[in-house]
Amino acid sequence: MLRQGVLLTSEGSTWGLERSQDERGSSVMNYKQWLAEQLAGQLEGVTLETIEELIEYPPNPQMGDLSLPCFKLSKQLRKAPQAIAEELKAKWVAGDSVQRVDAVSGYFNVFLNPAQFASEVITEVLKKGERYGSQELGKGKNIVIDFSSPNIAKTFHIGHLRSTVIGKALYNIFEFMGYNSVGVNHLGDWGTQFGKLIVAYKLWGEQSKVEAEGIDELQRLYVKFHDEADTKPELEDEARAWFVKLEQGDAEAEKLWRWFVEISLKEFHKMYDLLGVTFDSYAGESFYNDKMAAILDELKAKKLLEEDEGALLVRLDDYNMPPALMVKKDGGTLYHTRDVTAAIYRKNTYDFEKAIYVTDAGQSLHFQQWFKVIELMGHDWAKQLQHVPFGKVSLEGAKLSTRKGNVIHLEELLAKAIEKTREIIEEKNPNMENKDEVARKVGVGAIIFNDLSNNRIKDIVFSWDEALNFEGETGPYVQYTHARACSVLRKAGVEGDKPEAAAIDAELLTNAEAQGVVRELYLFKERVEQAMHKLEPSIVSRYLVDLAQSFNRFYHECPILVDDQAVRAARLALVQSVRITLKNGLRLIGLEAPEKI
RNA sequence: GUCCUAGUAGCUCAGUUGGAUAGAGCAACGGCCUUCUAAGCCGUGUGUCAUGGGUUCGAAUCCCUUCUAGGACGCCA
């Protein structure tokens with residue numbers, strides 16, 4: 001299991017465990033590590049790593065800023081937890097960094113010097129700017145992220161949105177942690193459905209209509225095929241025949257196929273442009289057509305393939321899994337075959353440290369199976385493959401189904417969100433310039449954030465009301481907070497990212513509201529790292545809400561543009577730090593941060 | 001039938017990898033704009049953490065039982 005990058009191991013065999021030189025240095029603030037260093041000498045036989053792992057943030061500020069629960073040390077030291085805490089308190093050497101320490105019911109609590117805490121955090125944020133929170137954990141390492149991967153000739157609906165936004169967020173997070181992310185859109189551009197589509201098009205389709213209406217028309221044809229095939233099963237045979245022709249390079253079949261792909265991509269790109277998503281590779285299923293034979297030969301050579309009822313499969317009984325079908329009895333390949341082939345291709349091409357697949361949880365078994373096949377082929381990098389599953393989206397209880405037409409088109413959803421945003425702007429900020437641009441950024445942001453605000457694995461029941469709610473824990477709330485901070489800075493005449501941080505008197509930021517903000521700012525780096533380890537973008541989304549809440553509280557309680565220049569400067573530095581951190585976080589999860597909304 | 005995942009406030013969800021009184025948002029009600037963006041802030045309250053057991057100094061968290069929901073389970077992806 002992946003762990004936080006606080007443990008030093010001898011080999012660093014698991015990615016993310018290693019730490020850069022920069023991180024070990026005391027110049028970069030890491031209070032858990034720092035406290036562990038202070039305490040290590042005081043506890044005989046307890047390693048620094050053990051202590052650092054135990055240190056936690058107390059649930060509320062009255063208990064301090066950092067805490068060491070002494071219960072686990074109790075056995076080893078053969079002392080009561082409270083006694084250990086008392087001892088640490090007695091031995092504590094006073095210094096500038098810490099205001100006081102305390103021993104409470106088995107916890108050793110540390111209260112940081114609030115002024116110094118504020119000063120260090122703000123200095124760090126302003127110094128790093130748009131790199132604040134970033135790390136170099138993955139320097140020189142590639143991460144391949146397979147995401148979005150829609151099917152050609154099928155509408156891009158809210159089901160695809162999840163893979164797209166989760167994948168994109170992970171892409172950004174890995175980049176931010178120093179990795180080189182490779183985004184792969186594994187297009188569903190091959191398979192028997194193209195036989196069906198060709199048949200349907202030839203029977204009922206019109207070129208002009210397909211050109212005018214794009215995927216919608218292709219999908220209508222596809223649905224019609226299934227309706228008709230219920231009563232005319234011979235259509236299925238025709239479809240199979242056309243797919244065989246396509247596989248054999250038949251000119252007419254290939255021309256139609258290319259056309260369907262082209263039309264579909266055009267529409268996908270409209271969505272990707274709106275969402276701000278790009279890919280490094282569009283190598284879809286068809287890309288592997290000529291590469292699977294070699295893999296099948298390899299499987300045969302390694303005696304992994306077994307024939308059963310005319311099909312070829314890899315037995316996985318020993319691993320408590322059903323067999324992985326590799327070749328159909330008609331000789332056709334299957335998605336196992338393609339995924340295995342693609343993984344090997346990607347390993348050879350990108351030499352990845354990790355390859356992750358962002359798909360719905362329903363495919364979990366499929367991934368388990370072919371990951372095992374890779375392992376059985378003798379590839380020790382099988383453990384670098386990871387499925388990132390997410391829950392299903394349903395519509396008021398009913399399952400989404402392309403065939404039944406029970407879908408919400410992403411295009412429609414985004415359009416509605418943008419329209420609603422536009423109305424709100426018209427009402428609240430009618431004199432603003434770039435209303436359309438801002439409406440797009442906020443409307444789209446609301447939809448993305450909504451999809452990223454829960455744990456991936458949770459099923460989502462789609463609700464228009466919730467998706468278009470812009471209050472509370474939402475994207476617009478965070479963006480609004482950012483714009484609010486921008487507005488104050490604008491009025492104050494602060495320009496650029498770096499006002500003179502050194503000049504501030506941090507004693508003026510020791511009140512509860514300011515400290516609440518400082519604490520959140522400090523947590524950013526840790527949260528992003530955690531989001532990477534758990535492959536969970538929602539950690540960043542929720543963090544942003546926490547930061548925004550703490551800032552809004554501060555904003556409400558502490559007037560910023562006051563006459564007292566020292567107070568004004570100190571508070572402005574804090575506002576600037578919040579602005580930077582909000583923007584960095586929003587960018588990570590794929591949201592823009594307009595300066596006015 | 002086998003396996004996987006989930007079950008926390010009326011609703012949607014967090015819960016720092018086993019720690020201190022289980023927290024937010026929404027919805028409801030009440031307050032706050034002559035002052036920096038009210039998409040905001042403050043206040044009012046609700047929990048057999050599905051269930052029964054076990055491990056532990058300590059469990060929403062780990063193990064087992066049962067229940068409920070969803071999903072997967074050889075020629076679709």
Side-chain angles (χ1 to χ4, degrees), chain A residues 1 3-4 53-54 56-60 63 67 69 71-72 74-75 80-81 104-107 109 149 151 188 190-193 285 308-313 320-330 332-336 338-339 359-366 368-369 389 391-392 394 399 421 424-425 427-429 442 446 453-455 457-461 463 465-466 469-481 483-492 523 526-527 530 533-534 538-539 542 545-546 548-549 552-553 555-562 571 575 596-597:
Chain A
M1 200 51 220
R3 317 173 67 167
Q4 299 225 7
E53 239 202 353
L54 286 174
E56 59 190 30
Y57 303 113
N60 79 58
M63 298 168 177
S67 180
F71 308 97
K72 278 185 183 132
S74 183
K75 226 170 243 172
V104 184
S105 51
Y107 292 87
N109 292 336
S149 307
N151 289 325
W190 202 252
T192 46
Q193 73 268 26
E285 295 177 359
D308 193 67
E309 296 173 30
L312 296 177
L313 48 78
N320 199 25
M321 283 188 278
L325 263 285
M326 303 302 291
V327 181
K328 295 189 280 188
K329 66 181 169 197
D330 68 3
T333 54
L334 288 139
Y335 67 139
H336 276 127
R338 239 177 312 274
D339 276 337
T359 83
D360 72 279
Q363 298 185 44
S364 293
L365 176 61
H366 163 67
Q368 303 274 332
Q369 287 178 299
K392 278 209 155 44
S394 59
K399 222 176 117 179
T421 309
I424 295 173
I425 292 172
E427 177 196 327
K428 307 197 182 225
N429 214 344
V442 176
S453 55
N454 294 342
N455 277 341
I457 201 67
K458 297 267 183 188
D459 288 337
I460 292 181
V461 177
S463 140
D465 282 350
E466 277 181 43
N469 171 35
F470 296 172
E471 286 163 23
E473 300 169 330
T474 66
Y477 170 74
V478 178
Q479 289 171 318
Y480 172 80
T481 307
R484 202 179 215 187
C486 287
S487 175
V488 177
L489 293 166
R490 202 183 308 124
K491 291 228 158 80
L523 287 174
E526 239 177 75
R527 291 293 177 81
Q530 196 188 2
H533 284 225
K534 294 175 86 165
S538 66
I539 291 173
R542 284 196 298 268
V545 169
D546 289 343
Q549 284 176 340
N552 281 322
R553 223 164 280 145
Y555 177 90
H556 189 261
E557 293 299 319
C558 308
I560 296 151
L561 301 177
V562 292
R571 289 181 176 167
V575 175
K596 295 181 186 172
I597 77 172

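Proteins get letters first, then strands, A, B, ... in listed order; numbering begins at 1 in each. Remember, it's a predicted structure, so these values are computed and weren't measured experimentally.
D339(A) comes within 4.0 angstrom of nothing in the nucleic acid, heavy atoms only. Nucleic acid contact class of R527(A) (heavy atoms, under 4.0 Å, all strands): none. Counting any heavy atom pair closer than 4.0 Å across all strands shown, I457(A) reaches sugar-phosphate atoms only and no base atom. Note on K458(A): only backbone sugar-phosphate atoms sit closer than 4.0 angstrom, heavy atoms only; bases stay farther off. I597(A) comes within contact range of at least one nucleobase, with a heavy-atom separation under 4.0 Å. Contact annotation for V575(A): no contact, since no heavy-atom pair falls under 4.0 Å across all strands. In this structure, L54(A) reaches neither bases nor backbone, as no heavy-atom distance under 4.0 Å exists between it and the strands shown.
Side chain of N469(A), nearest nucleotide from rG70(B), rU12(B), rC26(B): rC26(B). Among the nucleotides rU12(B), rU37(B), rC41(B), the one closest to the side chain of Y477(A) is rC41(B). Residue Q549(A) has its side chain nearest to rA24(B) when only rC73(B), rA24(B), rG74(B) are considered. The side chain of K329(A) approaches rC75(B) more closely than any other nucleotide in the set rG74(B), rU12(B), rC75(B). Distances were taken from every side-chain heavy atom of D459(A) (C-beta onward) to each of rC26(B), rG74(B), rG70(B); the shortest belongs to rG70(B).
Not counting sequence neighbours, the partners of A492(A) by the side-chain contact (heavy atoms from CB on, under 4.5 Å) test are V494(A), L561(A), R568(A), L572(A). Scored by the side-chain contact (heavy atoms from CB on, under 4.5 Å) test, Y57(A) finds K32(A), L66(A), Y522(A), L523(A), E526(A) as partners (sequence neighbours excluded). Every salt bridge (Lys or Arg N to Asp or Glu O under 4.0 Å) that D360(A) has, sequence neighbours left out, goes to K392(A).
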> Dot-bracket for RNA chain B, 5' to 3', with Watson-Crick and G-U pairs under 3.5 Å, [ ] for crossing pairs and | for other-strand pairs: what is it?
Replying inline: (((((((..((((.....[...)))).(((((.......))))).....(.(((..]....))).))))))))....
Taking only N/O atoms, report every protein-nucleotides 20-22 of chain B pair under 3.5 Å with atom names and distance.
unit_1	atom_1	unit_2	atom_2	d
rA20(B)	N6	S67(A)	OG	2.7
rA20(B)	N6	N109(A)	OD1	3.1
rA20(B)	N1	N109(A)	OD1	3.3
rA20(B)	N1	N109(A)	ND2	3.1
rU21(B)	O4	N60(A)	ND2	2.5

Between the protein and nucleotides 34-36 of chain B, which nitrogen or oxygen pairs come in under 3.5 angstrom?
unit_1	atom_1	unit_2	atom_2	d
rC36(B)	O3'	K491(A)	NZ	3.2
rC36(B)	O2	I560(A)	N	3.3
rC36(B)	O2	L561(A)	N	3.0
rC36(B)	N3	I560(A)	N	3.0
rC36(B)	N4	Y555(A)	O	2.6

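Rounded to the nearest Å, the gap between the C1' atom of rG53(B) and that of rG31(B) is 49 Å. To the nearest whole angstrom, the two C1' atoms, one in rG10(B) and one in rC75(B), are 48 Å apart.
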